[in-house]
Amino acid sequence: MKRFKKIIRIVFLIVFVGICGVVILNYPKLEIISGFSAKNMSSSIFIGHRSLEYTDKTDHDVPNVRLATDEVDIDNKYAIANVYGFKERKAIYREGLGSILIDDEFDENKPFLTPNRTIVKTNLEYPYGNLPQKDTIFENIDYEKVRQTAASIFDTNGENIKKTRAVLVLYKDQIIAERYIDGFDKNSMVLGWSMTKSVLSTMYGVLQTQGKININDKAPVSEWQNDERKEITINNLLQMNSGLEWDEDYGSISDITKMLYLERDMTTPQIHKKAIHKPNENWYYSSGTSNLLSGILRKQFNTHQEYLDFPYREFIDKIGMHSMLIETDMTGNFVASSYAWATIRDWAKFGLLYLHRGNWNGTKIFDPSWVEYVTTPSPTSEGDYGGHFWLNAGGFYPDAPRDMFSANGYQGQRVFIIPSKDLVIVRFGLIGDAGVDFNTFLKDMVDAVE
């Protein structure tokens with residue numbers, strides 16, 4: 001008996017030391033880990049309408065985030081998270097603004113502005129209205145191959161490798177493939193992550209078309225006016241070619257993780273970074289740049305209400321993307337790097353808007369020249385990136401058409417636009433290129449409509 005008790009004490013000590021080791025090694029990250037967990041849990045439940053248990057099992061089944069423990073108050077609409085009792089964080093849900101990760105100084109009782117939305121129902125078929133599409137058969141489509149290709153990107157027999165949740169394929173405005181895993185359907189809300197950057201780009205395309213901004217102008221940032229950064233243009237920012245320092249590492253304490261999970265105003269971190277290259281000399285990806293652009297967008301309006309209303313009034317609700325919600329930070333600015341939600345069908349509408357070069361069933365949302373702009377490769381990007389859109393001009397997907405461009409997000413969220421084939425292909429899931437062979441998937445889908 002004494003020996004048994006001794007073994008128990010030793011096992012307990014080993015477990016205790018192990019937990020202490022994990023805490024010590026990860027302590028500087030704990031605030032970011034619990035911040036991610038609280039924010040994502042709140043959004044998953046109050047926007048995505050999923051459960052705590054489901055979110056923990058799926059979305060939070062990633063390194064480090066597994067360490068967090070979450071609690072949710074459904075009635076008061078908030079989530080809290082901690083890591084072994086340390087660094088508790090709280091995220092609150094506010095109708096119209098989404099879930100916001102808050103700090104101790106945030107006043108939850110302070111009144112807040114929300115976007116004004118215009119929901120118009122029409123007697124047209126999808127994508128231009130709310131009615132079901134009539135069956136349309138295209139003679140040039142191999143429907144069995146379309147079906148097989150759509151199925152190929154989903155897991156089978158519980159393999160849990162590809163982790164695709166939804167696929168939707170549109171050809172000449174008609175749905176030719178639509179598939180979901182159990183628990184998801186055409187009404188399920190999904191987070192686009194960095195696809196939000198392309199939504200932000202569209203806001204600039206609308207302003208450019210309206211003559212209210214010139215993207216070739218110098219960026220209106222007062223902090224840059226006394227050094228070399230004053231030469232940076234809005235175009236440089238949209239093309240990720242500003243030359244500003246930025247660390248986009250999601251696995252450590254970096255510029256991006258500090259911005260998303262520690263900052264009150266996410267439009268400011270990139271402002272304070274030094275220039276390490278001249279504009280157009282070195283392309284590299286920066287979510288800080290996208291949120292800086294959100295702050296510059298705010299300066300185009302006299303009031304915060306106008307800023308909040310603008311994207312919904314001028315293109316989101318105009319094209320019937322009524323499910324879309326762009327979340328804000330603690331100061332009310334759109335988190336344009338990462339936080340737009342919508343249904344799969346509404347994300348597909350976003351792709352169609354670009355496929356039709358800014359024309360939505362006869363309504364001009366932006367000029368066709370904006371499509372030319374966003375699909376022009378940024379200098380030094382090797383043909384992979386344009387104006388806040390990803391490109392295939394450099395052959396990143398070697399077996400897909402070179403004119404293909406896309407809105408991309410973390411874990412393989414994609415809206416592929418292929419003008420030469422009249423195709424929009426949407427995929428959402430929980431893992432990206434590590435688990436999904438996008439090149440083969442795209443090749444087979446294109447081949448099926450030749």
Side-chain angles (χ1 to χ4, degrees), residues 35 38-40 42-49 73 75-79 89-120 189 191-192 196-197 199-207 210 212-213 220-222 259-271 287-288 290-342 346 365:
K39 163 65 182 65
N40 204 54
S42 178
S43 295
S44 179
I45 288 176
F46 299 115
I47 301 175
H49 303 295
D73 187 319
D75 294 332
N76 294 302
K77 291 184 166 43
Y78 69 80
R89 303 294 305 278
K90 181 178 183 180
I92 63 172
Y93 174 76
R94 301 195 293 183
E95 193 71 31
L97 300 179
S99 292
I100 302 166
L101 186 64
I102 63 173
D103 59 21
D104 293 339
E105 298 177 7
F106 187 84
D107 183 359
E108 296 184 47
N109 297 313
K110 183 179 178 180
F112 56 91
L113 298 173
T114 60
N116 293 306
R117 304 294 299 266
T118 302
I119 310 298
V120 177
M189 293 283 282
L191 174 59
T196 315
K197 294 176 172 70
V199 175
L200 170 73
S201 176
T202 308
M203 300 179 203
Y204 275 86
V206 171
L207 281 177
Q210 294 175 347
K212 296 177 180 178
I213 202 169
V221 180
S222 58
M259 178 184 70
L260 289 178
Y261 306 113
L262 299 177
E263 289 286 348
R264 296 178 62 84
D265 182 352
M266 298 189 201
T267 70
T268 60
Q270 185 74 93
I271 289 176
S287 290
S290 301
N291 286 329
L292 168 57
L293 283 164
S294 180
I296 291 173
L297 184 78
R298 168 65 184 87
K299 294 179 181 179
Q300 311 309 307
F301 304 97
N302 293 324
T303 68
H304 196 73
Q305 186 67 61
E306 291 176 284
Y307 163 76
L308 290 175
D309 292 347
F310 172 73
Y312 297 104
R313 184 186 68 241
E314 295 299 333
F315 89 90
I316 292 173
D317 285 338
K318 271 189 177 181
I319 70 171
M321 289 180 67
H322 299 315
S323 70
M324 176 160 276
L325 172 66
I326 309 173
E327 296 180 281
T328 63
D329 61 20
M330 280 187 273
T331 60
N333 294 314
F334 292 124
V335 185
S337 65
S338 313
Y339 291 156
W341 291 73
D346 276 358
I365 305 299

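For this chain, numbers begin at 1 and follow the sequence in order.
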Subject >> D309 vs F301, side-chain contact (heavy atoms from CB on, under 4.5 Å): CA-CA, chis, key distance, verdict >> reply: CA-CA 10 Å; D309 292 347; F301 304 97; over 6 Å; no
Subject >> T328 OG1 to I100 CD1 distance, which is reported to the nearest 0.5 Å >> reply: 4.0 Å
Original post:
Can you name the nearest heavy-atom pair linking T303 to R298, along with the distance?
Top reply: C-NH2, 3.6 Å
Subject >> Between CH2 on residue W341 and OG1 on residue T196, distance to nearest 0.5 Å >> reply: 10.5 Å
**OP:** Show your reasoning for whether side chain to side chain donor-acceptor pair (under 3.5 Å) applies to N291 and N333.
**Re:** CA-CA 9 Å; N291 286 329; N333 294 314; over 6 Å; no
Original post:
Tell me, which pairs form a salt bridge (charged side-chain N to carboxylate O under 4.0 Å, His left out) where one or both residues lie in residues 317-337, sequence neighbours left out?
Top reply: K39-E327, R117-D317, E314-K318
**OP:** Please report the shortest heavy-atom distance between M324 and A340, naming the atom on each side.
**Re:** CE-CB, 4.2 Å
Original post:
Can you tell me how far CD1 of I47 sits from OG of S99, rounded to the nearest 0.5 angstrom?
Top reply: 5.0 Å
Original post:
Closest approach of A38 and A91, non-hydrogen atoms and distance?
Top reply: O-CB, 3.5 Å
Original post:
Distance only, no hydrogens: is a donor on one side chain within 3.5 Å (strictly under) of an acceptor on the other, for K197 and S287?
Top reply: yes
Subject >> From M330 atom CE to I92 atom CD1, the distance as rounded to the nearest 0.5 Å >> reply: 9.5 Å
Original post:
Between the main-chain N or O of G332 and the side-chain N or O of H304, is there a donor-acceptor pair closer than 3.5 Å?
Top reply: yes
**OP:** Would you indicate whether the side-chain heavy atoms of Y78 and I102 approach each other to under 4.5 Å?
**Re:** no
Original post:
Looking only at heavy atoms, what is the nearest atom pair of E95 and T114, with distance?
Top reply: O-CG2, 3.3 Å
Original post:
Under the 3.5 angstrom rule, does the side chain of Y204 hit a backbone N or O of L297 as a donor-acceptor pair?
Top reply: yes
Original post:
Does the side-chain contact (heavy atoms from CB on, under 4.5 Å) test come out yes or no for I326 and V335, once each step is laid out?
Top reply: CA-CA 7 Å; I326 309 173; V335 185; over 6 Å; no
**OP:** Verify side-chain contact (heavy atoms from CB on, under 4.5 Å) between T331 and T267, making sure each step is shown before the conclusion.
**Re:** CA-CA 10 Å; T331 60; T267 70; 6.0 Å; no
Subject >> Flag side-chain contact, heavy atom, 4.5 Å: D73 against D75 >> reply: yes
Original post:
Measuring from Y312:OH to I119:CD1, what's the distance to the nearest 0.5 Å?
Top reply: 10.5 Å
**OP:** List the steps, then state whether side-chain contact (heavy atoms from CB on, under 4.5 Å) holds for I316 with F310.
**Re:** CA-CA 9 Å; I316 292 173; F310 172 73; over 6 Å; no
Subject >> Shortest non-hydrogen separation from P115 to L97 and the atoms involved >> reply: CD-CD2, 3.9 Å
Original post:
Under a 4.5 Å cut-off applied to non-hydrogen side-chain atoms, are V199 and P311 in contact?
Top reply: no
Original post:
What residues form a ring-ring contact (aromatic ring centres under 6.0 Å, His included) with F112, not counting sequence neighbours?
Top reply: none
Subject >> OG on S42 to CZ on R89, rounded to 0.5 Å >> reply: 12.5 Å
Subject >> Face-on cation placement of K77 at Y93 ring, 6.0 Å and 45° thresholds >> reply: no
Subject >> Exercise: identify the closest heavy-atom pair between M203 and F315 >> reply: CG-CE2, 4.1 Å
Original post:
Side chains of M266 and L260: does their closest heavy-atom pair fall under 4.5 Å?
Top reply: yes
Subject >> L308 and F334, any side-chain heavy atoms less than 4.5 Å apart >> reply: yes
